Protein chains: 2
Amino acid sequence: MKTIAIVEDDEFLLEEIINTFESRGMNAVGVSDLKNAVREIIKLSPDLLVLDLNLPYQNGLEICTAVKSKINMPILILTARDSLGDEICAINLGADDYLTKPCHPDRLIARAQRLLSTYEGSLNLVRAGMLTVDSVSYKVSYKGENMVLPETSGKILLTLAKAYPETAAKEELVKTLWGTGEFLDPNILEVNIARLRKSLSEIGADSAVITVRGEGYKIAEGEV
Amino acid sequence: MKTIAIVEDDEFLLEEIINTFESRGMNAVGVSDLKNAVREIIKLSPDLLVLDLNLPYQNGLEICTAVKSKINMPILILTARDSLGDEICAINLGADDYLTKPCHPDRLIARAQRLLSTYEGSLNLVRAGMLTVDSVSYKVSYKGENMVLPETSGKILLTLAKAYPETAAKEELVKTLWGTGEFLDPNILEVNIARLRKSLSEIGADSAVITVRGEGYKIAEGEV
DNA sequence: AAATTGCCTTACAGCCAATGTAAGTTGATA
DNA sequence: TATCAACTTACATTGGCTGTAAGGCAATTT
C-alpha cells in the first residue's frame, strides 16, 4: 500500500487530509515533529509528500529542497499562499505540483495519484549534476542519451552520485565496492574508473567524472 | 534541445505559446493538421505535449488518451474549460498537469520544465497491465518491486508490452527476437518464455505472462 | 478412452562480457 | 628533476546467458 506523509500545522486540516487519503485506501501519516520534519520524512520514506508552506520553525520550501536533495520523492505543495511567485519558486525547487487551499478532495486525490503513478518506476533514480543514474539497472541518462553500465561501473557511479556534490574518498569507494580492501590490487579503483569513463564517453559524458588528486573522485557540477 | 508540440486551434494563442517557449530557448512546434493530430504527434515525438481541450474534429481528451497509449510522453492540458470535472477526468486519463487560460507565461514555463525534468530518464518506460518495462535497461517494475531482466527475456517482455492488451503471435515474437527463424530450434520461444516467467516470479509477477494456446502470449490485464 | 498436438520442464555445453591482476606509461607537484 | 599518484593497456579467469536437445504434461480431438 502507498504511504503518504503530510506536513501541516493546522491540526483540523491535517486530520481532514488524512481522512481524504485513508477513505481512498491509502496510508496517510501526519508528520508531527515540525522541528525535525526533514529527518522524520526521510525516516518514513513515503511514496508521496504533501507539504504546507506556512509552517512554524521551518519554511516549507526549505523542507522541499532538503528532501529532494536526499531522496527522489514526489512532493505536492498544498498551501493557502496563492502567489504566482511562490508557485514558480516551489516548482523550480523541485516540487511536483502546487495546489491552493481550499482544495476539493477529489482534485487532491487525482493529483496525488497522478504523481504516484508517474514516479512509479523512476523511484530509484539518483540525480547528480547532469547525470541521472538508476540504482537498480545502472542505466545512466545524460542529455537525453541513455546506456546501461556493467555492475562495477554502475556501483562506482552510484556511489559518486550519492556523494554529489561532494567528493567521494578513494577508501570509501573501495570499501563500498569491495569491502575491506586488504588483499586487493591497489590499482583496482583506477582501472574501474577508467572503464566507467570509457563507458560514459559513449553518451558524451566522459568528463562527468572528475579526479580530485590525493582524495578521490566526484561528479562534475552543472544544472540540467 | 527539447521539442514541445502544441495543439491549439486559436491561431493567435498558438503563436503566443510558441513564442513563450522559443524565447526560453526551447523548440516549439504547432500541430497544424487537427484532423490527424495523434498521428502527427506520434511522428513528431516531442519531449512534451501542450494540449487544448476544445478542439474541432476531435476532443482533446481523446488525443490525450490515444497518445498516452502509444508513447510515454508528458502531457500538459492548457484550456479555458475551468471545471473540476474536466480536470479530474483529464488527469485520470493520463494528463500530467492541467492549467486554465489565461495562464501566465512564467507559470506555463515552470510547469513545462518540471514535467520535462521529471520525465527525464523515464522516457523509455512502457506500461502494460500492472507491469512497467524500461526498453533500454529491461528493468521491470511490479507493485513497487524491481528487477533487471537479461536481454532475451527483456526483449520478449517488451514485445509483449508493446502489443498489450492484444496477444503477440508466436511467429511475430520469434521474428522480432531471432529474425526469420528458419534454422531455429522450434522450442526456443517456449524455453525463453519459461525463463522470463521464472525471472518474473522473483518479484511475484510470474502470472503476468499468459499463454494463448495456438496463438501466442499476452500480458495479463489489470489496472495499476 | 486413446491419440495427437501444443506447451512446459530440465539438463547441458559453448560463448562472451565483465572482472581482477599485473606491468608499463603519463602527468602533476614540490 | 625526482617522486608519487593516476592512467593505460594487456591478459587470463569466471560466471551468467543462450541455444539445443529430449522427455513429460496437459489440453483438445476423434
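None of the values given here were measured: they were computed from a predicted structure. Below, read A as the first sequence line, B as the second, and so on, with proteins coming before strands; counting in each chain starts at 1.
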message: Strictly by salt bridge (Lys or Arg N to Asp or Glu O under 4.0 Å), give each pair with a member in residues 187-215 of chain B just once, sequence neighbours left out.
response: B:K170-B:E190

- request: Identify, with sequence neighbours excluded, every residue that meets side chain to side chain donor-acceptor pair (under 3.5 Å) alongside B:D86.
  value: B:R81

Set out, line by line, the N/O atom pairs under 3.5 Å between protein and nucleotides 11-16 of chain C.
none

query: Would you say a side-chain N or O of A:N187 is under 4.0 Å from OP1 or OP2 of C:dT21?
result: no

message: Of all nucleotides in DNA chain D that come within under 4.0 Å of a heavy atom of chain A, which is furthest toward the 5' end and which toward the 3' end?
response: D:dC4 to D:dA10

Listed once per pair and sorted, the salt bridge (Lys or Arg N to Asp or Glu O under 4.0 Å) pairs that draw on residues 36-53 of chain B, sequence neighbours left out: B:D52-B:K101

d(CG, A:N192; P, C:dA22) in whole Å: 15 Å

query: In whole angstroms, how far is the C1' atom of C:dG24 from the CG atom of A:D185?
result: 13 Å

statement: As a check of understanding: the bend across the helix from C:dA1-D:dT30 to C:dA30-D:dT1, end axes from five pairs, rounded to 10 degrees, works out to 40°

- request: Please state how far atom CD in B:E215 lies from atom P in C:dC7, giving the value in whole angstrom units.
  value: 10 Å

Side chain to side chain donor-acceptor pair (under 3.5 Å) against B:R107, all qualifying residues, sequence neighbours excluded: A:E87

message: So that I can tick it off, tell me whether A:D96 and A:K68 are bridged by a salt bridge, with the cut-off set at under 4.0 angstrom between side-chain N and carboxylate O.
response: yes

message: Any residue in residues 150-165 of chain A with a heavy atom nearer than 4.0 angstrom to DNA chain D? Just list them by number, or reply none.
response: none

query: With the sugar-phosphate defined as primed atoms, P, OP1 and OP2, and the base as all remaining atoms, what B/S/- string results for nucleotides 25-30 of chain C, 5' to 3', for protein heavy atoms under 4.0 Å?
result: --BBS-

Pairing residues for A:S137 by the side-chain contact (heavy atoms from CB on, under 4.5 Å) criterion, not counting sequence neighbours: A:D134, A:K139, B:S137, B:K139, B:V148

- request: Report the residues that fulfil side-chain contact (heavy atoms from CB on, under 4.5 Å) with A:A95, sequence neighbours left out, ordered by chain and then residue number.
  value: A:C64, A:I77, A:A90

field: Summary of salt bridge (Lys or Arg N to Asp or Glu O under 4.0 Å) pairs that have at least one residue in residues 149-163 of chain A, sequence neighbours excluded
entry: A:E151-A:K155

query: Within the structure, does a side-chain N or O atom of A:W178 lie under 4.0 Å from either OP1 or OP2 of C:dT19?
result: no

